[in-house]
Amino acid sequence: MANLTSSERQTALVLAGGVAVAGLVMAVLGRSDVLGVHGVIVMLCGGFVAWRIMSSFYAAEPTQDRSVSYYDDPIKAGIALAMAWAVFGMFMGVWVAAQLAWPDLAFDAAWSSFGRLRPTHTSGVIFGFGGNALIATSFHVVQRTSRARLAGQVSPWFVLLGYNLFCVLAISGYLMGITQSKEYAEAEWYADIWLVIVWVTYFILYIKTIARRNEPHIYVANWYFMAFIVVVAILHIVNNLALPISWGHAKSYTIWPGVQDAMVQWWYGHNAVAFFLTAGFLGMLYYYLPVRAQRPIFSYRLSILSFWGITFFYMWAGSHHLHYTALPHWVQTLGMTFSVMLLVPSWASAGNALLTLNGAWHRVRQDATLRFMMAAAVFYGLSTFEGSFMAIRPVNSLSHYTDWTVGHVHAGALGWVALITFGSLYTLVPKLWKRQGMYSDALVEVHFWLSIAGALIYVFAMWNSGIIQGLMWRTYTEDGALSYSFIDSLVAMYPYYIARAFGGLLFLIGTIIGCYNMWMTVRSAPHAAPERDAPVTPATVPGE
């Protein structure tokens, strides 16, 4: 609040009050429905923020020129929220993985059943952890590469807090049994509308910041972040077009019928992987890897080639999720073809990252933070190759509906998304809080090896499990009957499910250690002589 003027505090108070009033309307309309419960949550969140604003409303206003410094407070909050969601989401993942080996861990309760907990894991990790990390790092990268302060004081907080309110609504709804039953898009209609408002604000803020840049060139990381913001908005709106059964009920029904609904869902689902879990995190890679390695990116032209290849090819690949379904055969073939073509731009980015480390491999050996990024690039290359391979129809006939797909997803989620995020945050945290380095380099090292061990155990367990499943399901007797029942395949999977839960537990322990290390870094004393890190102003431009 100390960084806001009185007019900005008024704007923030009006926004918080508007959210609280909207929550009150939801609570009245919903009554005993889940919509009413969520209305109370929205009202309490809006009221709490309004109370916080009022408590400092008449405090002294900022007297210094804010344009001479970057706006890092929302970034710091975003990092804290990202790590909190990481622990929550990964804990839920370990829990649901353990339920597959020990079903009694559902406690015979509806809210703790696998079907309700599983989307809390996926949304908690993808949107809670990944989304907050993307918002925080995009705010940092766009300011440093533009050499300009964020184009707003209130809007960054609106984006950050509004986005987390969406996550809370989505996940609490899953626990209460409210879901659209759409992969990675389970939240109901009112939460989806709220996310559109937040996301449009995010887009405008990002564009305005780039427009006021003091650098003529737009660095490639911003290209990836902009693709992430723009395309996710389009995907979210189109896939979530739905009609509620009434204004007083949380339940809604999609406007898309039958096979069109399946096609739209997997156009969304695969491009959520493309532009949420790939493009945005490539934005992290292209900024934080060169910074940490103290080397320029190997090939800027290659990064542009990769950008346009990913942007164009990924859009057509979603139908490979629907091989051997009622989807027209030519559409399946189109998705398969573009999935194979995707290997070119994907490996262009993975190779570009690894070649950037030429001349810096001694740093990789010594610096666990840089090793996080190197390992992430390797996992990215491997998982994109695997994805293109699994999209081929004959391979898909073996892999589809098996744990092989789960292993593939987690090779990307744990090995690529989480590792590049941890590497980026370990680079960013000391800089933001003006510390010489992380509190403990040894704990970064421990975190790295726990993450690698956990990811490898998890992925190899699911690869073995999935291939065995696929082979058992397609093995026939001489009479043409199935050789194995479904129960037989479940029994064969039991040791792999234990290994899966153990691998996830190792990854969770590493994340908790990372949270502790970051917390202790924030609490440590600032560096005596921090390096200058400020936007370009007329006073700092040579010759003026």
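Remember, it's a predicted structure, so these values are computed and weren't measured experimentally. Reckoned from all heavy atoms, side chains included, excluding hydrogens, waters and symmetry mates.
In this structure a side-chain-to-backbone donor-acceptor pair under 3.5 Å is missing from W316 to T337. A donor-acceptor pair is defined here as one N or O able to donate and one able to accept, closer than 3.5 Å; such a pair exists between the side chain of N396 and the backbone of M390. A donor-acceptor pair under 3.5 Å is absent between the side-chain atoms of H140 and the main chain of L428, judged by distance alone. T384 places a side-chain N or O within donor-acceptor distance of the main-chain N or O of G381, the cut-off being under 3.5 Å.
Between the side chains of W463 and E386, a donor-acceptor pair is found at a separation under 3.5 Å. Counting only N and O atoms by type, the side chains of R393 and T333 include a donor and acceptor under 3.5 Å apart. No donor-acceptor contact under 3.5 angstrom links the side chains of S146 and Y219, judged on distance only. Between Y458 and R500, the side chains place a donor N or O and an acceptor N or O closer than 3.5 Å (distance only, hydrogens not considered). A donor-acceptor contact under 3.5 angstrom links the side chains of Y300 and H217, judged on distance only. Donor-acceptor pairing under 3.5 Å is lacking for the side chains of S306 and N352.
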Report task. Could you walk me through whether H323 and H400 pass side-chain hydrogen bond (donor to acceptor under 3.5 Å, both in side chains), step by step? Result -> CA-CA 9 Å; H323 284 322; H400 206 36; over 6 Å; no

Requested in this report: Give the intermediate values and the outcome of ring pair (Phe, Tyr, Trp, His ring centres under 6.0 Å) for residues F379 and W416.
Outcome: CA-CA 5 Å; F379 269 103; W416 157 238; over 10 Å; no

Requested in this report: In sequence, state the C-alpha distance, the side-chain angles, and the governing distance for S349 and Y286, and then conclude on side-chain hydrogen bond (donor to acceptor under 3.5 Å, both in side chains).
Outcome: CA-CA 9 Å; S349 277; Y286 276 115; 2.9 Å; yes

Query raised in the report: Checking side-chain contact (heavy atoms from CB on, under 4.5 Å) for the pair R144/D533: CA distance, chi angles, key distance, verdict?
Result: CA-CA 8 Å; R144 270 60 182 186; D533 186 21; 2.7 Å; yes

**Report entry** Criterion side-chain hydrogen bond (donor to acceptor under 3.5 Å, both in side chains) on N222 and Y206, from CA distance to verdict
**Finding:** CA-CA 9 Å; N222 291 306; Y206 207 87; 2.7 Å; yes

Requested in this report: Could you walk me through whether N3 and Q153 pass side-chain hydrogen bond (donor to acceptor under 3.5 Å, both in side chains), step by step?
Outcome: CA-CA 8 Å; N3 289 321; Q153 288 288 127; 6.0 Å; no

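Going from atom CZ of F422 over to atom CE of M83 covers 5.0 Å, rounded to the nearest 0.5 Å. With rounding to the nearest 0.5 angstrom, the OG1 atom of T122 is 8.0 Å from the CD1 atom of I171. Atom CE of M374 sits about 15.0 Å away from atom CZ of R363, to the nearest 0.5 Å. In this structure, the separation between CG on L285 and CD1 on I420 is 4.5 Å, given to the nearest 0.5 Å. One distance of note links OH of Y314 with OG of S339; it measures 8.5 Å at 0.5 Å rounding. The structure places CD1 of I452 at 10.0 Å from NE2 of H447, a figure rounded to the nearest 0.5 Å.
Under the 30°/60° scheme for interplanar angles, the aromatic rings of W404 and F389 are found to be tilted. Between F139 and Y202, the ring planes are perpendicular. Angles over 60° get that label, and only those under 30° would be called parallel. Ring geometry for Y426 versus F372: interplanar angle of 30 to 60°, hence tilted.
At least one side-chain heavy atom of I197 sits under 4.5 Å from a side-chain heavy atom of F158.
Shown are W347, F385, F313; of these, the side chain to side chain contact (heavy atoms under 4.5 Å, CB included) with L342 is made only by F313.
Looking at residues two or more places apart in sequence or on another chain, you find a side-chain hydrogen bond (donor to acceptor under 3.5 Å, both in side chains) between E215 and R147.
E8 and R66 are joined by a salt bridge, as a carboxylate oxygen and a charged side-chain nitrogen come within less than 4.0 angstrom of each other.
Across G280 and L134, no two heavy atoms sit closer than the pair C-CD2, 3.4 Å. Scanning all heavy atoms of the two residues, the minimum distance from F88 to T120 falls at CE2-O, 4.0 Å.
Judged by the 6.0 Å and 45° rule, R371 forms a cation-pi pair with F448.
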